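Quick caveat, the model's predicted, so the values are computed rather than measured. Reminder, nothing fancy here: chain letters follow the sequence lines and each chain counts from 1. In what follows, every heavy atom counts, from backbone to side chain, and hydrogens, waters and symmetry copies are set aside.
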There are 2 protein chains.
Amino acid sequence: MSLPHAILTALLEKPSSGLELTRRFDRSIGYFWSATHQQIYRELGKLEKAGLIRALDRDVPTRGQKKEYEVLPSGREELERWVGVREDPRDPRDPLLLRLRATGVVGVGGDMVDELRRHRALHQERLAEYREFERRDAARGNGTERDRVHRLVLQGGIDLELFWVTWLDRALADLEDTG
Amino acid sequence: MSLPHAILTALLEKPSSGLELTRRFDRSIGYFWSATHQQIYRELGKLEKAGLIRALDRDVPTRGQKKEYEVLPSGREELERWVGVREDPRDPRDPLLLRLRATGVVGVGGDMVDELRRHRALHQERLAEYREFERRDAARGNGTERDRVHRLVLQGGIDLELFWVTWLDRALADLEDTG
DNA sequence: GAAAACATGTAAAAAGTTACATGATTTT
DNA sequence: AAAATCATGTAACTTTTTACATGTTTTC
């Protein structure tokens with residue numbers, strides 16, 4: 001049950017429309033949580049119905065017209081409750097390592113090496129992007145708790161991509177060696 | 001669509017019953033893919049129906065009685081096809097970083113620091129466990145491709161836990177500093 | 001013979017993915 | 001006026017989670 005809380009957090013940081021939220025999920029929030037626009041619109045509908053958020057301005061919302069939402073006090077309370085909840089780390093699920101392991105029983109082919117290289121490039125790209133965000137952030141202030149938390153989370157994104165690039169390098173070195 | 005392929009891989013490595021598979025998913029396969037017994041039994045049923053695996057021995061399967069499965073040729077072919085598929089890295093989804101970010105807008109309390117410490121301990125535990133597996137593996141042979149792939153995947157599990165412990169240490173240092 | 005451990009399942013709900021539909025606004 | 005982009009949504013499906021149900025074998 002994290003999506004509604006991700007949306008509440010994003011809306012508290014800045015009231016937004018569904019599409020704007022989708023874009024923010026592709027950027028900063030996306031370091032650790034992703035969502036499609038379909039998920040977001042559905043969830044916005046639920047949150048509005050539950051009285052946790054409300055649409056601004058629009059009395060007569062028509063299709064195709066921008067609709068901005070803001071968080072209501074009950075929404076903020078719900079988020080405050082949720083941050084105090086204990087939840088264990090989630091089980092990892094990564095198809096790439098599964099595929100690699102499967103090659104151990106059905107045989108490889110150079111295909112898997114290509115695929116690992118491709119993934120390495122993708123992670124490298126994302127890493128570069130995050131480092132660019134970091135560079136930009138360094139210019140801005142870092143006084144508030146919010147800024148520090150943002151920085152920590154971005155650092156998490158960077159470290160995670162670094163993990164991937166490093167592990168993929170090792171895997172490629174190993175497989176190219178004798179593969 | 002990875003669960004059926006995870007099961008096919010596990011069954012090729014060694015024919016097993018549903019409960020045995022569940023245990024193996026909690027151990028080695030669990031480095032990067034998890035599944036509950038409910039998921040596994042349902043999927044075994046589907047795979048059997050699709051003719052990719054078959055139950056051994058049992059002609060009259062009754063509830064509560066062990067049922068072992070093995071992979072049929074068509075199952076192996078399906079797995080061979082699947083390892084060649086290109087699939088982009090999956091979007092990360094981690095509620096902990098989401099909760100941390102939420103504290104940036106609703107305020108922290110020492111609660112989050114406690115929660116980060118708790119997660120650090122859990123990751124540290126798992127890391128120790130994986131290193132124990134690594135130690136044991138080192139004794140065994142490493143000649144076959146299968147052994148090498150297993151070792152790479154285990155290394156991935158270790159590196160991922162190391163990422164968490166390192167990042168959590170950094171986060172704790174930062175938050176305790178001024179928190 | 002009671003309890004614990006082993007073993008297989010069903011059902012319902014929640015979350016996520018994929019495909020499709022449609023209207024409004026801006027640019028060329 | 002056509003095309004591109006902005007914007008919101010529906011529907012069907014798949015996957016995952018949670019709660020429950022039940023039978024068998026081993027151990028004390």
Query raised in the report: With A/Asp159, which residues qualify under side chain to side chain donor-acceptor pair (under 3.5 Å), at least two apart?
Result: A/Gln155
Requested in this report: Return the set of residues passing side-chain contact (heavy atoms from CB on, under 4.5 Å) with A/Arg86 (not counting sequence neighbours), or none when no residue passes.
Outcome: B/Asp111, B/Asp114, B/Glu115, B/Arg118
Query raised in the report: What's the CG-C1' distance between B/Leu47 and C/dT8, to the nearest Å?
Result: 16 Å
Requested in this report: Examine distances only and state if a side-chain atom of A/Gln39 and a backbone atom of A/Thr36 form a donor-acceptor pair shorter than 3.5 Å.
Outcome: yes
Report task. Taking only the side-chain nitrogens and oxygens of A/Gln39, find out if one of them lies under 4.0 Å from OP1 or OP2 of C/dA15. Result -> no
Query raised in the report: Within the structure, does a side-chain N or O atom of B/Lys66 lie under 4.0 Å from either OP1 or OP2 of D/dT25?
Result: no
**Report entry** Nearest-Å distance for atom pair NZ/C1', residues B/Lys67 and C/dC6
**Finding:** 16 Å
Query raised in the report: Under 3.5 Å, is there a donor-acceptor pair between the B/Asp147 and B/Thr144 side chains?
Result: yes
Query raised in the report: Between B/Glu43 (CD) and C/dG9 (C1'), how many Å, whole number?
Result: 15 Å
Query raised in the report: Which residue pairs pass the salt bridge (charged side-chain N to carboxylate O under 4.0 Å, His left out) test when at least one of the two sits in residues 3-12 of chain B, sequence neighbours left out?
Result: none
What pairs of donor and acceptor atoms, side-chain ones from residues 10-18 of chain B against any protein atom, are under 3.5 angstrom apart with sequence neighbours left out?
from: B/Glu13; atom 1: OE1; to: A/Arg101; atom 2: NH2; distance (Å): 2.7
from: B/Glu13; atom 1: OE1; to: B/Arg24; atom 2: NH2; distance (Å): 3.4
from: B/Glu13; atom 1: OE2; to: A/Arg101; atom 2: NE; distance (Å): 3.0
from: B/Glu13; atom 1: OE2; to: A/Arg101; atom 2: NH2; distance (Å): 3.4
from: B/Glu13; atom 1: OE2; to: B/His150; atom 2: NE2; distance (Å): 3.0
from: B/Ser16; atom 1: OG; to: B/Lys14; atom 2: O; distance (Å): 2.8
from: B/Ser16; atom 1: OG; to: B/Arg24; atom 2: NH1; distance (Å): 2.9
from: B/Ser17; atom 1: OG; to: B/Glu20; atom 2: N; distance (Å): 3.4

Report summary line: Sorted by chain and number, sequence neighbours left out, side chain to side chain donor-acceptor pair (under 3.5 Å) with B/Glu70 holds for B/Arg54
Query - Under the side chain to side chain donor-acceptor pair (under 3.5 Å) test, residues paired with A/Arg23 that sit two or more places apart - result: none
Requested in this report: State which residues pass salt bridge (Lys or Arg N to Asp or Glu O under 4.0 Å) with A/Asp26; sequence neighbours excluded, sorted by chain then number.
Outcome: none
**Report entry** Residue list, side-chain contact (heavy atoms from CB on, under 4.5 Å) with B/His123, at least two apart or on another chain
**Finding:** A/Pro89, B/His119, B/Glu161, B/Trp164, B/Val165, B/Leu168
Query raised in the report: Between atom NE2 in A/His5 and atom P in C/dA15, what is the gap in whole Å?
Result: 10 Å
Report task. Scan residues 86-100 of chain B against DNA chain C and write down, sorted by residue number, each residue with any heavy atom closer than 4.0 Å; if none is found, say none. Result -> B/Arg93
Protein-nucleotides 19-22 of chain D N/O pairs closer than 3.5 Å?
from: D/dA19; atom 1: N6; to: B/Gln38; atom 2: NE2; distance (Å): 2.8
from: D/dA21; atom 1: N3; to: B/Arg63; atom 2: NH2; distance (Å): 3.0

Query raised in the report: With distance as the sole criterion, do the side chain of B/Arg42 and the base of D/dT14 form a donor-acceptor contact below 3.5 Å?
Result: no
Report task. Report the distance from atom CD1 of A/Ile40 to atom C1' of D/dT10, rounded to the nearest whole Å. Result -> 16 Å
Query raised in the report: Residues from residues 17-34 of chain B sitting under 4.0 Å of DNA chain C, heavy atoms only?
Result: B/Ser17, B/Gly18, B/Leu19, B/Arg23
Requested in this report: Respond yes when some side-chain nitrogen or oxygen of B/Gln65 is under 4.0 Å from OP1 or OP2 of D/dT25, and no when none is.
Outcome: yes
Query raised in the report: Does A/Arg76 have any salt bridge (Lys or Arg N to Asp or Glu O under 4.0 Å) partners at least two apart in sequence or in another chain, and if so, which?
Result: A/Glu80
**Report entry** Phosphate contact (C/dG9 OP1 or OP2) by B/Tyr41 side-chain N/O below 4.0 Å
**Finding:** no
